[in-house]
2 protein chains.
Amino acid sequence: MSEATSRARNRATADDVARVAEVSRVAVSRAFNPHASIKPEKRDRILKVAQELNYTPDVAARSLVTRRSHLVGVIVPDVCSPWESQEIDALTTALQAEGFATLLFKTRTDRSMDSQLLTYMKGYNPDSVIAFTENVGPEILGQILDRAVPIYVSYPHEETIEPIAPGPRFDRLDVIQRDGIDQAIALMQGFGARRFAYLAGDPHASASLEREYVLRQVMAARGLGEPLIVPSDFTYDTAYRATIDLFRIGDGVDAIFAANDVGAFGVLDALRHELGLKVPQDVKVVGFDDIAQSHWKSYDLTTVRIDLDERVRALVRLILRRLKNPDAPALSETIRTKLVVRGTVG
Amino acid sequence: MSEATSRARNRATADDVARVAEVSRVAVSRAFNPHASIKPEKRDRILKVAQELNYTPDVAARSLVTRRSHLVGVIVPDVCSPWESQEIDALTTALQAEGFATLLFKTRTDRSMDSQLLTYMKGYNPDSVIAFTENVGPEILGQILDRAVPIYVSYPHEETIEPIAPGPRFDRLDVIQRDGIDQAIALMQGFGARRFAYLAGDPHASASLEREYVLRQVMAARGLGEPLIVPSDFTYDTAYRATIDLFRIGDGVDAIFAANDVGAFGVLDALRHELGLKVPQDVKVVGFDDIAQSHWKSYDLTTVRIDLDERVRALVRLILRRLKNPDAPALSETIRTKLVVRGTVG
DNA sequence: TTGTACGCGTTATCAT
DNA sequence: ATGATAACGCGTACAA
């Protein structure tokens, strides 16, 4: 009576369930905890009453005592770029299956990680944090967050066993890019390409810088000399204009390796619709990521693939392993790339 | 000493700050609450100590007593489809600016809203819930969530003042689609199109059904007869195949209105790369949404625009108004559409 | 297996 | 303006 009216809304609490089911409040708690010992029939009765009362345990209250928020913070500069949105999609699905919710944070468009944002996020006590942003060191992340061990996606030159560095702890997903890049260059070389350009991504992004580094290594090993570096920023529009500028100067480039697929689309459209060049006859183009749009007929892009499912599975493994053993030394997972051949080389 | 070692990690609490700053714990709380009355110099000292100790108020603990989680649940079937990812991006940015974090949930791919998912989400006590999914009634949403008043995006035929319906409360964002659709048909008609097809979206999506309804109205008003309905599901691949089937049958369609831009891309690619037809000479094409990809040169799509910023601002307004007055009757905001003319009609 | 008592970190209330 | 105390909803050590 009075208890029902005094409550702001019809939110049921564990006490309400206990009262109706005529058990103690602790029993209700145990009914919702699979590991607790409680007589099965008692649990069933409690769960039934809970459903009738539309009761759900309060995650916030629970996390206060269990020190587990079941929240995973995901930090991205742009949710709307295809690669990132596809990764967030897959990640959210996988996390949901494991009982975690995705807490999404956006950095500013200049990709400078705001320490205010981190402070803000810290208040939510995420169990784990995945940083896609390229320009925040794991040191800073680890310093600001306390409970969570951040996961950092890195693109090492070589597959090496890194020494366990002193300082703040963080887990790593290493993406070895060499395989796919080597296959891409080999394919273009095999079809007669000689003068290569690299359409870069954001100059602050380690993904782009490491791609360039590996590209140089691979080309040198194949006796192909230095690639021409074309600055860009992962976006379609910049790639489009950069390509036009490149050919206005008239450099006789016959192969363009783009740091990402969206950039490659800009290259293709500039070549075909602005410069009147044919792909792959006049210029060969390869992208990076293999986003869903890359198989669209207007592009039909040959590209270096990062397997999204594999990548997400590795991230989830890292999260679960870390939560199971919070004090373990730095963890890491490794994935590789491979070339997907379509119509822009040949 | 003992208090420092006993703590699992270096997580500082309000008590720690209070001790170091030599004030009461309540003062620390007030220092972080802008509305609280506290001597400015005292607040400054507390904030300084807090920063030294790397202290941030715990949102979970706070929400327990304030009944505000500062969480907004966003439910989508696919994060990775361009329109939705762009909306989530803008929404997250806007919410972050208002002090809310985005809690992301994915429904299953068959778009059937899982009641288990809702129960799961309820545990987080979101202050508001935005449902993009088309096949969950606000009744169900409102029944399962208790504290939050859900926001439902609807596509009414006409701009009418709906009577305040009895039953569960929910707020609405009404998207009036007529203007843009009428402009699109007028433009195509003006350029000589006579036989129209509607490439539908997901058959369960009210957005698609309402677009079809308005399209029929508009065409009838213009003496254009019935459109040919082509079933699809918002995706590129289905639109591509559906378009090929449509012309294999040989129906002499000279204008296609697609339920969304991605579908229109599939139409364009099928027409040009598979059927050898020219756009806009042989067939005129109009899309819906005006996603970022629509201005890409390969598509250069004429499309009905839903202004994303305007839409997100309306959503945020709804959230803030509802939180300021939890017991207000159903709120609603209205936005309109307009045609963006590019190269696929003319 | 069951229940009592306590603590998680914070804010609201009510004194002063 | 300030501080003591009582919640908020839940999990768990401990005793029974």
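Labels below follow one simple rule: chain letters A, B, ... track the order of the sequence lines, proteins then strands, and each chain is numbered from 1.
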A side-chain contact here means heavy atoms from C-beta on lying under 4.5 Å apart; do [X] and [Y] qualify?
X	Y	answer
B:Asn125	A:Asp58	yes
B:Thr107	B:Val76	no
B:Ile335	B:Asp174	no
A:Pro57	A:Arg62	yes

Is the distance from OP1 or OP2 of [N] to the nearest side-chain N or O of [X] less than 4.0 Å?
X	N	value
B:Thr13	C:dT10	yes
B:Arg67	D:dG9	yes
A:Tyr124	C:dG9	no

Can you tell me the distance, in whole Å, between the [atom1] atom of [X] and the [atom2] atom of [N]?
X	N	atom1	atom2	value
B:His70	C:dT11	NE2	P	10 Å
B:Glu22	D:dG3	CD	P	12 Å
A:Arg68	C:dG9	CZ	P	15 Å
B:Asp15	D:dA4	CG	P	12 Å

Per [X] side chain, nearest of listed nucleotides [options]:
X	options	answer
A:Thr66	D:dT12, D:dC10, C:dT11	D:dT12
A:Asp58	C:dG3, D:dG9, C:dT10	D:dG9
B:Arg25	D:dA6, C:dG7, D:dG3	D:dA6
B:Leu64	C:dT10, C:dA12, D:dC8	D:dC8

Review point. Is the A:Phe105 ring parallel, tilted or perpendicular to the A:Tyr124 ring (thresholds 30°, 60°)?
Key: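 Ring orientation of A:Phe105 relative to A:Tyr124: tilted.
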
Check your understanding: Over its full length, what angle do the end axes of the helix from C:dT1-D:dA16 to C:dT16-D:dA1 make, each axis taken from five pairs and the result rounded to 10 degrees?
Key -> 30°

Study note, to complete from the structure: Within residues 27-46 of chain A, those residues having any heavy atom closer than 4.0 Å to DNA chain D are A:Ser29, A:Asn33

Check your understanding: Going from CD on A:Glu310 to OG1 on A:Thr334, what distance comes out if it is rounded to the nearest 0.5 angstrom?
Key -> 10.0 Å

Practice item. Tell me, with the steps shown, if A:Arg172 and A:Leu318 meet side-chain contact (heavy atoms from CB on, under 4.5 Å). Key: CA-CA 8 Å; A:Arg172 287 191 341 263; A:Leu318 282 176; over 6 Å; no

**Study point:** Result of checking A:Arg321, A:Arg317, A:Arg322 against A:Asp171 for salt bridge (charged side-chain N to carboxylate O under 4.0 Å, His left out)
**Key:**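 With A:Asp171 as partner, A:Arg321, A:Arg317, A:Arg322 yield a single salt bridge (charged side-chain N to carboxylate O under 4.0 Å, His left out), made by A:Arg322.
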
Hey, can you pull the donor-acceptor pairs under 3.5 Å for the side chains in residues 22-33 of chain B, sequence neighbours left out?
unit_1: B:Ser24; atom_1: OG; unit_2: B:Ala27; atom_2: N; d: 3.3
unit_1: B:Asn33; atom_1: OD1; unit_2: B:His35; atom_2: N; d: 3.0

